[in-house]
Each structure stands twice: as C-alpha cells, then as structure tokens.
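This report refers to the structure that appears directly beneath it.
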Amino acid sequence: MKLTYNWLKEFVDLDLAPEALSAKFISLGIEVESLTRLGDISGVVVGLIEKIEAHPNADKLVYCTVDAGKEKKLNIVCGAKNMKAGDKVPVAVDGAELPGGFKIKHTKLRGLLSEGMLCSSKELGISEEADGLLILPSDAPIGKDITEYLNLKDWLFSLEILPNRPDYLGIIGVARMLSASLKIPLKTPEIEIKKTDGKAASEVKVTIADKELCPRYTARIIKGVKPGASPLLMQLRLKFAGVRPINNIVDVTNYVLLELGHPLHAFDKKLISGNHIIVRRAEKGEKMTTLDGVTRELGADMLVIADEQKAVALAGIMGGNNSEINSSTTEVLLESAFFDAVNIRKTSKTINLSTEASFRFERGMDHEGMIRALDRAAYLLQKYCGGEVCDGIIDIYPEKIKARKITTRFDRVRKLLGTDIPDGEMLGISERLGFKMLAKDKTGFTVEVPSFRVELDREIDMIEEIAQVYGYEQIKERTPLISLTSCIPQTSFEDEVKRALVGRGLYEAVNWSFMAKSWFDKGGFPAGSPLREYPEILNPLTDEWNVMRTTLLPGLLANTTHNVTRFGNRNLRLFEVGKVFLKDSAGKFSEHKNIGIIATGLISDPGWAESPVEADLYYIKGLVESVLASLRVPYELLEGYEGEAYDKDMAVGVRINGKTAGCFGELRKSLLKAFDIKQRVFYSKLEIPSMEAARKGTIKFAQLPKFPAIKRDISFIVRRNITSAAISAYIESLEIKLIEKMSVTAVYEGDNVGKELKSITFAIVFRSPDKTLTDKEVDDLNNSIIAGAAEKLGAVIRK
Amino acid sequence: MEKELEKLAGEIAAAVNAAKTREELEAARVKYLGKKGALTAFFDKLGSLPKEEKPKAGALLNTLRKKADALLAEKAEGLESCSESNALDATLPGRNFSTGRYHPLTIISNEAKEIFKSLNFQIIEGPEIESDYYNFEALNFPPHHPARDMQNSFHLGNGMLLRTHTSPVQVRTMEKQKPPLRMITIGKCYRSDASDQTHTPMFHQIEGLMVDENINFGDLKGILKVFFSRLFEREVNIRFNPSYFPFTEPSVEVSFSCHVCGGSGCSVCKKTGWIEIGGAGMVDPNVFKSIGYDSERWTGFAFGWGIERLAMIKYGINDIRLFPENDLRFLGQFE
C-alpha cells in the first residue's frame with residue numbers, strides 16, 4: 001500500500017521525520033518497500049497555453065505559445081494531445097530539473113527551437129503512467145512554482161502489508177498502530193453531513209438473499225451530484241497511491257478506501273431498476289459486463305449485487321458498466337457492504353480478477369468500520385460533488401456478528417516470551433490497541449477484540465500483540481539447556497559421495513529440478529523411453545521448465561554447453577547429487593536421489609609438466625569403480641548396457657545387489673550434436689539408495705602380511721578379441737592360492753606383435769601367509785600359468 | 001720411475017681438480033689416460049723394463065690408474081649435479097593438482113549442518129513433491145487463505161505440489177517423534193516467481209525446529225545468535241522485527257548485526273548495521289494441535305531462510321542466478 005507522509009499526518013499527530021518513521025514501520029512489522037521524496041523538482045511553473053499551432057516538420061508534434069509568467073512568451077514543442085489553447089499546465093522552463101536529475105534546456109526539435117517542456121504527471125514524478133499533460137485548474141496562478149502550487153513537497157511510502165493485517169490496508173489502521181505504539185493521539189477524519197429533506201429509506205429497498213455471503217449491507221443516497229474532476233489534491237494522492245483518477249464521485253470512493261480501508265461502490269441510482277438492490281448468488285451462466293469492459297460468465301457460487309432485472313455489480317470485486325457513474329449522473333447509491341472473505345477470494349481466483357476491493361475483502365473487513373467509511377464518503381460527495389445526502393442509512397444486518405473475546409494469562413505471556421513484562425504493562429498495551437477490557441484479576445484478563453482486528457481470537461494472538469508493542473528488542477536472549485542425545489548420525493551417505501567425487505578432482509554442480517518436455521525430442525529419445533515418465537508442472541513459468549527432471553543429464557549437458565561451447569573451457573569434470581522425479585502409470589509421483597557425472601576434455605588440469613590425457617571410457621570407469629570401492633559398495637559390471645543416452649556398445653551397466661543401479665559410458669554423438677557439443681563426452685549415473693542399501697559396514701582392518709611377496713610379469717600375445725577379463729578368468733581358473741593380486745600393467749597393439757594380435761601384460765603378485773617363497777616355487781607357479789595359456793587363450797607368451 | 005709416477009699422480013689430481021666443466025675434465029682424462037696420455041705412455045714403457053722390475057711397476061701403475069679413474073668419476077659426478085642445478089628454473093610453475101570443488105551451496109549447507117550437529121540437532125530430509133496438507137494445511141494455512149499468496153506454488157496434479165518451503169519436514173518429523181526434539185533440514189524449495197537478481201523459482205532453505213518444555217522466545221534469539229556468530233566467526237547480535245507466518249506466533253523477521261562492520265554501518269549492510277536473513281517464530285499452537293502435541297506443555301520455535309542468501313552474504317555474491325549456472329569460473333572460486 002502506498003501513502004504519503006502528509007496524508008498520514010492527517011490521521012495521527014506525528015512528529016517523527018520520514019526516515020525515522022520508516023524505521024518505526026519496520027519495527028512494527030510493516031515492511032517499507034521504498035521511501036521516495038516527492039516534489040524533487042525545480043524550475044517548473046504554472047503556464048497558460050495561449051496558442052497551439054501545427055509543427056511544420058512533424059505530424060505528431062505541435063508548437064505552443066505559452067505564458068509562464070516570464071517577460072517573454074515561450075515557444076514550446078509538445079507531443080501531447082489532451083490540451084487546448086487556454087489550458088493551464090506545468091511548464092519546465094530552461095534550467096528546470098525533473099525527478100531523476102533530468103535537466104531541461106533549450107533544444108531544437110525537428111527544426112524548431114523549444115524553450116522548455118510541458119509536463120505530464122509522470123514527468124513530475126506523480127504517477128507511474130503518462131496520460132497526457134497534467135491539466136491544472138483554470139485559477140492556477142501563472143508563473144507559480146508547481147511544487148508550491150500542488151503541495152508536492154512530501155514523502156511517499158510504499159508499504160508491504162502482510163496478510164494478517166488487513167486493518168493496515170487503510171491509512172487509519174497504520175495511524176492507529178502508531179498511536180498505540182508512540183502514545184500519540186489518533187485523529188478522526190472530518191465528517192459533517194448536512195441535514196436534508198430526503199429520506200434514504202424511501203428511495204431504495206435492499207434485500208439480502210444470501211446472508212452467509214453478505215452478512216451486512218449498508219447504503220446511502222446522495223442526490224444532486226455534479227460529475228466532474230475531483231480536487232487536484234485528491235487526484236494527486238490517488239495517483240501517488242497508484243489509483244487512476246476518474247471523476248469526482250468515483251475518486252471519492254477510492255479516496256475513502258485508501259483512508260479508511262473499506263471498499264465502497266457508487267451506483268448511478270437511476271440505472272437501478274425498481275429502486276431495489278438484491279444481494280444474491282449469480283445464476284449459473286449469468287453474464288455481466290464489469291467496469292473494465294470484460295463480459296464475464298458467472299457461476300452459481302458467485303455473489304452479485306442486482307436490481308430487479310439484472311446484476312449491477314460483482315459483489316466485492318467490481319461494478320457493472322450498466323450502472324456506472326457517468327457524466328449525466330445526478331443521484332448516487334453509495335454502497336458499503338461486508339462480504340464473506342473466502343467467497344470473494346474464490347470468485348476473484350476463478351475469474352482471475354484482483355482489485356483493490358477484492359484484495360481487502362478476501363483478507364477480512366471491519367463490519368463496524370464500514371459505517372464510518374460510508375459516512376465519510378457521503379460527506380466528501382457533499383463537499384466536492386455538490387451532493388445532498390439523504391437522511392439516514394439503509395442498514396441490512398440480519399444477524400449481528402458477535403464480538404470475539406480473549407482471555408490472557410499473565411504468567412503464560414511471561415513464560416512464552418521469557419521476559420518479565422509486568423501485569424500492568426500488558427493491560428496498558430491492550431487498552432492502547434483498542435481492546436475493551438471486560439474483566440481482570442490476579443491471573444489474567446479478558447478483552448473484547450475490536451472489529452477492525454479480524455484475525456485475533458486466541459491467547460497466543462494477544463501474546464504477540466503485547467510483545468510487539470512492548471518491543472522485540474526487549475526480549476532477553478538465552479541459550480536453552482540442551483540435553484545430549486546419545487546417537488545422532490554424524491555423516492550422511494550423500495556427504496560421503498560428494499567427498500569421494502570432490503576428492504577425485506570433480507566440481508560439484510547444482511542444476512534446476514525442472515526441464516523442458518521438448519528436451520527429449522531434441523535429444524532424440526524414443527517415444528517409449530522410461531526417461532519420459534516425468535511429472536508435469538501444470539502451471540509452469542516457461543516451456544523451458546514444464547516438467548520435472550527424470551535424469552540429471554539435461555542439467556549436466558547444459559553445463560557442458562555453457563562451459564565448453566560458450567566459454568571455451570573444454571576440460572570439464574562435473575558431478576551432481578540430486579533428485580530425479582517420476583510419475584508411474586497410476587499417476588503416482590516418486591523421487592529418487594541420483595549421482596550424475598560428466599567428463600570431457602582433459603582429465604587433469606593441463607600444465608607444462610604434465611602430459612595431457614583425454615577423458616575416455618577408462619577414465620569414467622576408473623572413477624566409478626574407485627568411488628564405489630571407497631564407499632564400500634559391492635558391485636558388478638555388465639557390458640552392453642542400453643538406455644539413457646549411449647551409443648550401442650559404448651556403455652557399461654553397474655549392478656548392485658543384483659539390480660541395475662547405474663551405468664557409465666560415452667554419450668551418443670547425435671545427442672551431443674543436438675546440444676552443440678563437438679567433443680566426446682562421458683557420463684555416468686548411479687542411484688544413491690541402492691548404493692546406500694548395499695554398502696558394507698565400517699572399515700575392517702586386515703593384518704599386514706608377515707612374509708615378502710614376489711612379482712612376475714607375463715605378457716600374453718592374443719588375438720584382439722580376447723579380453724583382459726578372459727585372461728584374468730583363465731588365471732583365476734587355475735586356483736593358485738598363492739596369488740595375492742594381479743593387475744594389467746600394459747596393453748600393446750602394433751607391428752611388434754603382428755596384425756590382429758595384441759599384447760596384454762599382467763603383473764602377478766605371489767605371497768604365502770606362512771613363509772618366504774623361493775624363486776623356484778614362484779617360477780613353477782608362473783610356468784603353470786604360461787603352460788595352459790596357449791591352449792586356453794591361444795596365447796603366445798612374450799619373453 | 002717411482003718418483004716420476006708420484007709426480008704424475010700429483011699432476012693428474014691437480015688437473016682433475018681444476019676442471020670446471022665436463023669438457024675440461026674430458027680433456028684432462030685424454031691428457032693422462034687417453035691413447036696417447038701420459039699414464040698410458042708408462043704402460044707402454046712397461047714392456048721394456050727389466051723382468052724383475054715389471055711386477056712392482058705394474059702394480060704401481062695399476063694402483064695409480066684406479067686412483068685416477070676414481071678421481072675422474074667422483075669429479076664427473078660433482079660436475080653433473082652441479083650442471084643440473086644450474087639448469088633448474090625454479091620460477092616455472094609447479095605441477096598441477098587437479099582438485100575438485102564443492103558447490104558453494106554445499107559448502108554453506110555443510111557449515112550450517114556442522115554447527116547444528118554440535119548443538120545436538122538431528123538432520124532430517126523430506127520429499128520435494130508434497131501434498132497440500134503438509135505444505136499448507138498442517139502448517140495452519142487454511143484453504144483459501146490469502147497467506148497462501150505469500151508462496152506461489154507449482155502444481156503437479158493429484159493434489160500434489162512442489163514444496164514451497166522446507167517447513168513440511170517439521171510436520172513430518174513431529175508426526176514420527178515425540179518431544180523433546182531438535183532438528184534441522186536443508187533442501188530445495190520451489191516457488192512460481194520469476195527470476196531476478198535475488199529470486200529464482202528453485203532455491204534451497206534451511207529450516208530448524210526445537211520443541212521442549214519451557215522453550216521461549218528468548219531461547220530462539222539465543223540459538224540464532226550462536227548460529228550466526230559461529231557461521232560468520234564473529235560475535236553478532238540478533239534483531240527481531242514483527243512478521244507473519246501462519247505456522248509461528250509470534251512471528252519475526254530475523255536480522256543479525258553486520259558481520260563485516262560489526263553494526264556500525266558499511267556497504268555490505270547498506271549502512272544499516274543489520275543484515276536481514278529470514279523468518280522465525282514460536283510454533284503456532286494450531287500446528288501442535290494438528291500433530292497432536294499438547295501446546296500447554298510443549299513450546300517450541302522454528303526458523304528458516306535461504307541457503308543462497310547465506311552464501312551471497314558470506315561470499316559477497318551479487319546475483320542468485322549464478323548458483324544454478326555452474327560456470328567453472330564461478331565454481332572454481334570456492335576452494
């Protein structure tokens with residue numbers, strides 16, 4: 001909500017400067033979004049447009065002769081259209097400064113010298129929208145400084161009002177809190193309605209057909225109104241508050257809404273047929289055109305204000321254009337009603353229309369304060385629109401709303417706040433806040449909640465009220481006594497996973513959980529791909545984020561495109577630990593924590609002393625295996641993995657507890673191409689829950705060997721289709737117990753071994769737990785391996 | 001001849017000693033031990049000596065030869081290491097260590113977890129796809145209440161949505177555990193708000209809850225003071241301003257005194273001396289009621305704020321959109 005400092009001062013005797021007031025608002029829980037100095041302009045005066053001529057060189061510009069009280073008339077080029085000769089407007093003369101430090105100088109515009117600028121309210125910092133020149137009253141004194149003439153020197157507060165304080169949606173509510181907190185008097189707005197002959201009750205009949213949705217409806221009749229422009233100060237304040245001035249009658253209702261917080265509506269009474277207002281539910285499919293010109297189809301759960309023939313307003317949201325105030329309006333039916341908050345909110349959501357009125361009604365309005373709003377508006381119609389207010393208020397109030405009572409225990413307040421607030425202080429605060437004291441004794445007190453505090457009905461509400469006025473800065477801090485719990489897990493598996501990957505030189509990424517449905521088409525994933533079982537977001541912000549990710553790949557690929565393709569950083573090793581989301585055929589959602597790893601370019605940072613090594617299948621394989629081993633997760637590898645986004649035979653599956661729980665391999669070229677990546681990329685996925693379930697307990701220490709080991713290298717020259725796994729399987733089949741370990745130390749293909757052949761060197765470590773082995777014993781074992789190699793593997797042993 | 005050899009031994013030693021480069025040493029070797037060297041010449045003479053002198057002279061020559069070889073070898077070694085140290089350019093960069101990096105959000109989350117673990121809080125996780133009940137209703141957001149507008153949610157259908165805050169984990173934990181309890185949770189949250197410098201539709205929150213007998217508003221202030229002082233490694237003060245969250249009452253907006261200037265005002269705190277961080281409050285009795293805790297006996301507090309915001313404050317990051325971008329030049333800074 002926006003209000004100006006001077007306007008607020010009409011409601012409370014404030015002697016805080018604007019900046020201090022801003023700090024006070026914050027301490028009261030009213031967030032100040034901005035505080036702007038108004039009228040921060042110089043050199044703008046009232047000017048009279050004497051003559052308007054066409055601009056010889058531009059169709060959209062005109063050439064005005066302006067009397068701005070200077071010795072010489074000014075010639076000013078202008079692009080606005082809403083003025084005529086004889087109008088008075090603000091003129092920024094040579095040297096003037098407008099908000100934002102914008103300076104006005106003599107300038108040639110399309111060949112004609114312009115000696116200043118005629119201003120709109122936007123240019124003066126009064127409103128956000130430019131709606132033509134600000135036309136001033138005809139009695140505005142020529143040459144007078146505009147900030148003085150318009151009383152522009154003021155401050156504009158933009159306040160964020162929380163949903164539990166609808167009372168702050170009127171200046172009076174804010175003033176009331178300041179009055180209680182600062183102990184300064186509250187001022188009530190001027191209301192002096194003159195007695196007239198007319199009787200409201202004989203002018204119009206009101207029937208409430210649905211008292212659940214409209215518990216109270218009040219109205220006044222004002223006759224003899226003269227539609228026109230409202231006073232300039234009113235227009236300016238409306239503009240500052242972000243409300244567009246329309247005419248004096250509508251402006252009065254909006255002005256009072258801002259002042260007292262209660263929405264009002266003015267009907268042209270002559271357009272209400274049968275002089276009968278009926279508050280009823282709309283009929284299903286009933287249509288009405290609201291003031292914004294939109295014809296809306298209504299539902300049976302929506303409330304309308306109707307006459308005997310038609311709906312004339314959508315209750316609490318917007319009036320209808322069939323009963324709108326217009327230039328020939330002479331009689332006004334002024335409505336101040338109380339509607340059910342939930343119903344207004346539902347209707348507003350259904351038709352997607354939120355207004356100043358609906359915003360307030362859905363938060364709950366003051367069922368007593370509505371009368372004062374009605375009277376204040378009637379008074380202003382009398383004052384500014386020449387209206388005569390008919391005697392009496394039409395007040396249809398079928399069931400009086402009961403006042404809420406709250407009993408508060410002194411000790412409970414002190415216990416919960418941990419602060420020794422004296423009993424008397426609590427009573428004083430409650431009274432200053434407008435609570436009516438019903439009873440009090442040694443243990444506590446009972447109050448009646450004022451009607452403008454719609455959200456209070458429990459002791460805890462009173463505790464908060466007391467604490468706020470007492471001051472949160474007075475709450476004493478204390479550290480609670482915490483009893484130690486014997487068993488709290490100290491690390492999570494996820495933390496260990498991250499540590500294992502960071503320790504292996506990878507960077508961690510955090511990507512969006514959203515992705516684009518179209519990603520799967522772009523990436524060439526078949527229609528039946530399980531990756532397409534995504535939960536859809538029904539109200540996405542953009543099509544880029546219209547489903548939940550089913551894989552970590554899109555984010556990691558986007559990171560690759562970003563870093564490699566866009567920023568030329570071709571070496572990338574990234575991982576992410578995060579959830580993917582699935583929707584099963586029954587429509588049930590599930591979430592699964594995965595690890596995604598991507599590697600491309602060099603596998604270590606390049607430097608002068610290192611020979612560069614490109615990422616390949618063996619990099620990602622080694623990474624995955626060493627991470628699984630370090631986390632003590634038993635696994636098996638399965639060649640020929642299909643799925644995710646790999647080319648055929650380019651990926652390996654990871655099986656944990658007999659279930660495929662991951663994979664690694666080289667990403668499909670076609671996929672990379674679709675995402676603008678021109679180098680080989682390796683990717684792995686691992687499922688955290690399967691890993692965690694399979695992990696073995698704590699580290700188990702193994703005794704260090706007592707006797708030395710002897711190592712032998714054997715180079716098997718085999719056909720190229722013989723795998724290293726086949727050779728190790730062969731060696732294992734010999735069941736030589738003294739082999740402690742074996743590993744591949746070299747692979748060679750080339751001229752020295754002949755075409756279609758390769759050499760694989762195994763280093764085999766022999767060790768006995770009982771004694772030191774002799775060379776002879778080891779040679780015998782080694783020879784037994786060599787002996788069968790020709791038959792079993794077709795291998796020749798390189799000497 | 002003995003005398004001559006003694007003299008030669010002295011010459012050889014001096015020549016070897018004097019050599020400053022390998023070339024000079026080689027020249028010395030050639031001069032004495034080469035085919036036409038001085039020592040070689042004595043070997044040639046050996047044949048012309050009388051038979052009885054031969055063994056003695058031979059032995060002498062061999063000893064000298066061995067000595068000379070040893071001298072040369074020793075000198076060569078010395079020259080070698082010397083020449084190597086001359087070739088060393090210590091200004092070349094050292095070898096690279098390709099170290100990994102945690103994402104800054106993980107670093108901050110881990111620091112927060114460590115602090116709360118040391119205060120004996122449990123660390124709990126919860127689902128990101130939530131029901132309306134856990135995300136709103138159980139937290140005292142009635143259906144059709146305008147407070148729901150404070151957190152615009154993404155809907156997935158079947159009454160499910162992406163959680164807008166980590167607070168549902170409070171409810172889930174209280175359903176499973178009896179008080180007293182202390183917990184925190186950290187995780188992703190989603191709100192359908194457009195991105196700008198300080199907002200993204202996905203972000204991370206830390207949420208805490210403590211329930212016990214006699215927990216009061218002052219305890220909340222105390223715990224927060226401990227947390228922020230430890231996180232920023234400086235004693236800070238806590239300021240509460242009134243606020244509103246349906247699941248706490250009283251509700252507060254929490255600020256801590258600026259960790260950079262200590263509260264005197266600087267550019268980091270925009271001259272206010274305070275840094276606003278997030279929301280907190282005493283658990284609303286309606287939340288206890290929906291769980292089945294007796295709100296007369298048990299009281300508690302809850303708090304929550306953005307991990308991104310913490311990281312931005314701690315590292316001086318000016319745009320929240322950098323976090324999900326994963327630019328190496330960004331990630332590389334958080335070692």
Side-chain angles (χ1 to χ4, degrees), chain A residues 26-29 162-164 342 345-346 362-363 415-419 460 463-464 467-468 472 475-480 482 484-485 488 498 501-513 535-539 541 559 562-563 569 572 574 579 581 587 589 591 604-605 607-610, chain B residues 92-93 95-96 98-103 105-106 117 119-120 122-123 127-129 144 146-147 149-150 154-158 160 182 188 192 194 201-202 210 212 215-219 221-223 225-226 238-244 249-250 252 282 284-285 299 323-328 331:
Chain A
I26 292 168
S27 78
L28 291 172
L162 294 165
N164 66 329
V342 169
R345 182 172 167 86
K346 281 183 177 168
E362 68 183 33
R363 279 159 173 73
K415 184 183 173 202
L416 201 83
L417 299 179
T419 303
I460 191 70
I463 295 177
E464 185 174 54
Q468 280 188 15
Y472 284 177
I475 303 295
K476 287 198 202 82
E477 68 195 20
R478 163 182 106 152
T479 31
I482 292 176
L484 297 180
T485 315
I488 286 185
K498 289 184 180 178
L501 287 157
V502 168
R504 283 159 180 78
L506 280 83
Y507 279 35
E508 186 191 4
V510 174
N511 280 296
W512 301 105
S513 297
E536 239 170 296
I537 298 169
L538 303 183
N539 55 333
L541 281 174
N559 302 152
H562 175 92
N563 285 293
N569 201 336
L572 184 79
L574 275 183
K579 283 179 174 171
F581 304 85
F589 304 116
E591 39 194 274
S604 60
D605 299 343
W608 67 274
E610 294 80 25
Chain B
L92 275 171
R95 287 182 190 274
N96 272 329
S98 299
T99 50
R101 298 282 191 284
Y102 287 104
H103 194 282
L105 296 176
T106 298
K117 261 185 338 204
L119 298 173
N120 231 241
Q122 307 171 71
I123 296 162
E128 293 173 26
I129 296 179
H144 309 295
D149 290 349
M150 295 164 82
F154 287 111
H155 298 280
L156 300 178
N158 289 346
M160 302 301 276
R182 292 174 295 272
K188 291 189 172 83
S192 62
M202 180 187 90
M210 177 165 183
D212 208 330
I215 291 292
N216 67 40
F217 209 29
D219 292 326
K221 232 183 199 179
I223 284 281
K225 183 186 171 89
V226 169
I238 297 295
R239 186 182 72 178
F240 281 173
N241 281 321
S243 191
Y244 168 69
E249 186 157 355
V252 298
M282 301 302 291
D284 193 290
T299 53
F323 292 106
E325 197 175 60
N326 301 305
D327 190 307
L328 292 185
L331 298 177

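Each chain gets a letter, A, B and so on, in the order the sequences are listed, and its residues count up from 1. All heavy atoms count here, side chains included; hydrogens, waters and symmetry mates do not.
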Tell me, out of Ala509(A), Gly503(A), Gly607(A), who's got the most heavy-atom pairs with chain B below 4.5 Å. Ala509(A)
Please look at Phe323(B) and chain A and tell me whether the side chain, the backbone, both or neither of the residue comes under 4.5 angstrom of a heavy atom of that chain. backbone
Can you tell which of Thr479(A), Leu162(A), Leu541(A) has the highest number of heavy-atom pairs within less than 4.5 Å of chain B? Leu541(A)
Is it the backbone or the side chain of Ser243(B) that comes under 4.5 Å from a heavy atom of chain A, or both, or neither? both
So, taking the atom named CZ in Arg182(B) and the one named CD1 in Ile482(A), what distance separates them when rounded to the nearest 0.5 Å? 5.5 Å
When the 4.5 angstrom heavy-atom criterion is applied to Arg345(A) and chain B, the contacting part is side chain
Who wins among Arg504(A), Lys476(A), His562(A) for the most heavy-atom pairs under 4.5 Å with chain B? His562(A)
Which answer fits Leu574(A), side chain, backbone, both or neither, if we ask what part of it has an atom under 4.5 Å from a heavy atom of chain B? side chain
Under 4.5 Å heavy-atom distance to chain B, tell me which part of Asn563(A) shows up: side chain, backbone, both or neither. side chain
Under a 4.5 Å heavy-atom cut-off, does chain B meet the side chain of Lys415(A), its backbone, both or neither? both
Does any backbone or side-chain atom of Glu536(A) lie under 4.5 Å from a heavy atom of chain B? Answer side chain, backbone, both or neither. backbone
So how far is it from Met282(B) CE to Glu464(A) CD, rounded to the nearest 0.5 Å? 11.5 Å
Quick one: of Ile460(A), Asn559(A), Ile537(A), who has the most non-hydrogen atom pairs under 4.5 Å with chain B? Ile460(A)
Calculate, to the nearest 0.5 Å, the distance between atoms CD and OG belonging to Glu610(A) and Ser604(A) respectively. 6.5 Å
Measuring heavy-atom distances to chain B, does Thr419(A) have an atom under 4.5 Å in its side chain, in its backbone, in both, or in neither? neither
Can you tell me how far the CG atom of Leu119(B) sits from the CE atom of Met210(B), to the nearest 0.5 Å? 9.0 Å
For the residue pair Lys221(B) and Phe240(B), would you count it as a cation-pi contact if the rule is NZ or CZ under 6.0 angstrom from the ring centre and within 45 degrees of the ring axis? yes
For Trp512(A), which atoms come within 4.5 Å of any heavy atom of chain B: side chain, backbone, both, or neither? both
Asn216(B) (side chain) donor-acceptor with Gly218(B) (main chain) under 3.5 angstrom: yes
Given heavy-atom pairs under 4.5 angstrom as the criterion, report whether the side chain, backbone, both or neither of Leu28(A) touches chain B. backbone
Checking Asp149(B) against chain A: side chain, backbone, both or neither under 4.5 Å from a heavy atom? both
Residue part contacting chain B, namely of Leu506(A), when any heavy atom lies under 4.5 Å: backbone
Supply the atom-to-atom distance Glu477(A) CD to Ile223(B) CD1, rounded to the nearest 0.5 angstrom. 11.0 Å
To the nearest 0.5 Å, tell me how far Arg95(B) CZ sits from Trp608(A) CH2. 6.0 Å
With chain B, the option among Leu572(A), Asn511(A), Leu501(A) that has the most non-hydrogen atom pairs under 4.5 Å is Asn511(A)
